[in-house]
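Below you'll find the structure, written out as structure tokens, and then a few comments.
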Number of protein chains: 4
Amino acid sequence: MAQKNKLDGAEADELSAKRSARSPEKYQRILDAAIEVIAERGYFQSRVSDIAARAGVADGTIYLYFHNKEEILLGAIANAFSAFMELAQAELASESDPREQLRRLALLHLSSLGSNRNLAMVFQTELRQSARMLAEFSQHQLKQYFDLIRSVVRDGQRRGIFRAEISDKILANCFFGALDEMVTSWLLSDREYPLSGASEAIVDVILRGVECPPRP
Amino acid sequence: MAQKNKLDGAEADELSAKRSARSPEKYQRILDAAIEVIAERGYFQSRVSDIAARAGVADGTIYLYFHNKEEILLGAIANAFSAFMELAQAELASESDPREQLRRLALLHLSSLGSNRNLAMVFQTELRQSARMLAEFSQHQLKQYFDLIRSVVRDGQRRGIFRAEISDKILANCFFGALDEMVTSWLLSDREYPLSGASEAIVDVILRGVECPPRP
Amino acid sequence: MAQKNKLDGAEADELSAKRSARSPEKYQRILDAAIEVIAERGYFQSRVSDIAARAGVADGTIYLYFHNKEEILLGAIANAFSAFMELAQAELASESDPREQLRRLALLHLSSLGSNRNLAMVFQTELRQSARMLAEFSQHQLKQYFDLIRSVVRDGQRRGIFRAEISDKILANCFFGALDEMVTSWLLSDREYPLSGASEAIVDVILRGVECPPRP
Amino acid sequence: MAQKNKLDGAEADELSAKRSARSPEKYQRILDAAIEVIAERGYFQSRVSDIAARAGVADGTIYLYFHNKEEILLGAIANAFSAFMELAQAELASESDPREQLRRLALLHLSSLGSNRNLAMVFQTELRQSARMLAEFSQHQLKQYFDLIRSVVRDGQRRGIFRAEISDKILANCFFGALDEMVTSWLLSDREYPLSGASEAIVDVILRGVECPPRP
DNA sequence: AATGAATGAGCGTTCATTCAT
DNA sequence: AATGAATGAACGCTCATTCAT
């Protein structure tokens, strides 16, 4: 009779513990299947049984690893996202020039998503959806990436490389927006031109808009 | 789920005829209600009965004006979008300098959506969703706007104002992407800062990235 | 996302209003079907679809009249019980001698349930079950009947007819318990002897145990 | 649902053999756990895994001792019941006066259940439920007890102590019904008054109703 | 044209039972 | 013997759509 929608800490921990105790490989297989299916049909039109079938497990097995359908989406996004974030952070660590850092981020952004259409689809559509559905959670994810960009921008401003009279939020937004839109339109296009091919051009445009003009 | 997405000519005509024959005011009321409800809950989580209630009509009445739920979303988006497109085209007609045209478009973009949060929500999230569901349709709509921007960009390139060595598609993309992202992050933010306040800064960044550098 | 298990007053009223506004005849048909099906299989083994089929309505129709399966059971029991209670109260009103009142109650008890095996089954098994599940509700129902008996007993005690040195609760309990058990064993027996045939004998035993002994 | 209720001889033997061959202590632990859990939640709302957890064994282990869930309930009730029946028979053996025998049975009945609320709950609600599910079985159990009472009653009738003009079945029923109802209402009540406190009063009422009136 | 009661296909989730280890 | 991860059948409930009024 009494249902709880929010997990108390103990329960959540219990399930987390199970995940690793049971088959971590199966856990990952479900996440991968979820990305695939959700990319194809969208979250709301994906059936849990579709995901189970794609993962090669029984319907009920899903619920040994996730509390409910929503958590599958969350888990799949978080999983894919954190992998991407790690790459991004590594990319920045090996380079100190803000210009170059943005260049590398752009390439990573486009090549990561460009090489994984399913992932891109989920990021461009479901991540937004879920940002609405589950504000706290996925907004946090997206914001993490956005903040990474902002920190590079602020660094560039502090060092006199990027224009300081414009808010770092807006500069970062122009950068991220240009990349993001590129991915979206690439996804909607039928021809599969290489997405990362646009990287140089975009960076070129944005950097020029962002950089301090050369002193004459 | 297995529903017909394509109407045969006769049926479509029949419905179109009905729409105008019946109450155009009620038709519009349903569209407005749809935007509201979908903005609040998202398309898949909106119930047809919610929309009906909001529009002040009976559930069954909806089906005198639309074949199915999907068509309501389509109609609502198309309706709102064409209003926006008309404004955009008018804006361009009264100005011939590409720089100024982009400036005006940006302001229109941000102030239109900034003054109508519901509409913005539908555009930023549902339009993307439906870009998959209804690829032909909404892609067509969005593409129309995108092409408008591209035509301005191409005009600027032809007249030596904008950089010609970069594809107009990419330049337009940077412009649109920056605006689009601004709207999205504004939506997801809690503080309701005026969206259009960012217009000048964005245009400033993008134009500088897009324009030919001043000859020394 | 947010679910409510308890109805707020408005909602409950809304559904109650609907019941009468819609088809009261269909509402009753569902209740009757519920009694039948639940009598046959027990509450937990009854399927909502069984009840719907028996009532000759679609599964979904059930939910126009009841919020959930539990409420069907509640409704069915409450409905049947209140009919019984009305009879019982009428029976008492037309008679003032406590001895005779108990005699009539016993006959009503046994003949009511004896002439409706389904009803008897629900009262003897599901009412107890639900008394556990839904303490407040059905305990209230059963208590109402029990209190009726107690009031007769107290009346008899006050008038010096029934033994006053024993608590009215216990006297009423002996009376009710004897009848109740009679019904249960009748239900479990295969032979269908007339249940009400036992009425005289039971009343005879209980009355003698309850009455003040005749003064010598 | 379509499960076999009847075991063929071979299977039944095999399981019986296992039970004793394996750990009889674990078998008992499961039965005890079952009584607890079923008393708390009711049979249908109890999960096999709940019982396993309470017994401190793995889910699968249950099936080394029982064929299915239903058999656990059966076993638990049979187990508890036979313990009670042994007490009852011992009680009768040490006393030959039917009046006194009934008095002792009543006290045993109320004190046994009154000192074990879980057991009482199972007897008062689940045994009735299962009287339907498992008619043959639990009817047999309950009948055994009932027959014990009847034999005392018949003995009293034969010896001219109890009224012979009323069927022994009905007399026994009044006796058992009064006790049974007392237990039920005690269970449903919140206050935990001592159940056996009512024994004297009940026996007093019933005996007077049952006994032959004293010759003047 | 408008209504809203009725429909029933469809899906998320549970849990008794199995079986590889 | 014991485990507990895996299974998948089963069911309560929702909601887009229809149609008698």
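A, B, ... follow the sequence lines: proteins, then strands. Residue 1 opens every chain. Hydrogens, waters and symmetry mates play no part in the numbers below; they use all other heavy atoms, side chains included. Here the structure is a predicted model, which is why all the values come from computation and not from measurement.
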Exercise. So which nucleotide does F:dG8 pair with, by the Watson-Crick or G-U wobble rule with both distances under 3.5 Å?
Worked result: E:dC15
Exercise. For F:dT21, what is the paired nucleotide under Watson-Crick or G-U wobble rules, both distances under 3.5 Å?
Worked result: E:dA2
Round to a whole Å and report the spacing from [atom1] of [X] to [atom2] of [N].
X     : N      : atom1 : atom2 : answer
D:N68 : E:dC15 : CG    : P     : 17 Å
B:D59 : F:dC15 : CG    : P     : 12 Å
A:I62 : E:dC15 : CD1   : C1'   : 17 Å
D:E71 : E:dA16 : CD    : P     : 15 Å
D:F66 : E:dT18 : CZ    : C1'   : 18 Å
B:Y63 : F:dA20 : OH    : P     : 18 Å
B:L64 : E:dT3  : CG    : C1'   : 9 Å
C:F44 : E:dA16 : CZ    : C1'   : 16 Å

For this session: Would you kindly compare D:V48 and B:A58 by the position of their nearest DNA chain E nucleotide and give the one closer to the 5′ end?
Result: B:A58
Problem set entry | Pairwise 5' ranking along DNA chain E for C:K26 and B:G56, keeping only the more 5' one | B:G56
Exercise. Closest nucleotide of DNA chain F for A:G60 versus for B:G60: which of these residues is on the 5' side?
Worked result: A:G60
Exercise. Want to settle it: does C:T61 or C:S46 sit nearer the 5' end of DNA chain F, counting the closest nucleotide to each?
Worked result: C:S46
Exercise. When you look at D:R54 and D:E40, which way does the salt bridge (charged side-chain N to carboxylate O under 4.0 Å, His left out) test go after all the steps?
Worked result: CA-CA 12 Å; D:R54 188 77 62 107; D:E40 284 170 18; 2.9 Å; yes
Seminar exercise, completed: Between the CD1 atom in B:I35 and the CD1 atom in B:I77, the distance rounded to the nearest 0.5 Å is 6.5 Å
Problem set entry | Closest to side chain of A:K69, choosing from E:dA2, E:dT13, F:dA2 | E:dT13
Exercise. When you measure from the side chain of A:S23, which nucleotide among F:dT7, F:dA6, F:dT3 comes out closest?
Worked result: F:dA6
Please tell me if [X] has a side-chain N or O lying less than 4.0 Å from either OP1 or OP2 of [N].
X     : N      : result
B:S49 : F:dC15 : no
C:R47 : F:dA10 : no
C:Y65 : E:dA6  : yes

For this session: Could you tell me how the ring of D:F66 sits relative to the ring of D:Y27: parallel (under 30°), tilted (30 to 60°) or perpendicular (over 60°)?
Result: parallel
Exercise. Distance-only, no hydrogens or angles: does the C:T61 side chain make a donor-acceptor pair with backbone N or O of C:V57 under 3.5 Å?
Worked result: no
Exercise. Between the main-chain N or O of D:E70 and the side-chain N or O of D:Y43, is there a donor-acceptor pair closer than 3.5 Å?
Worked result: yes
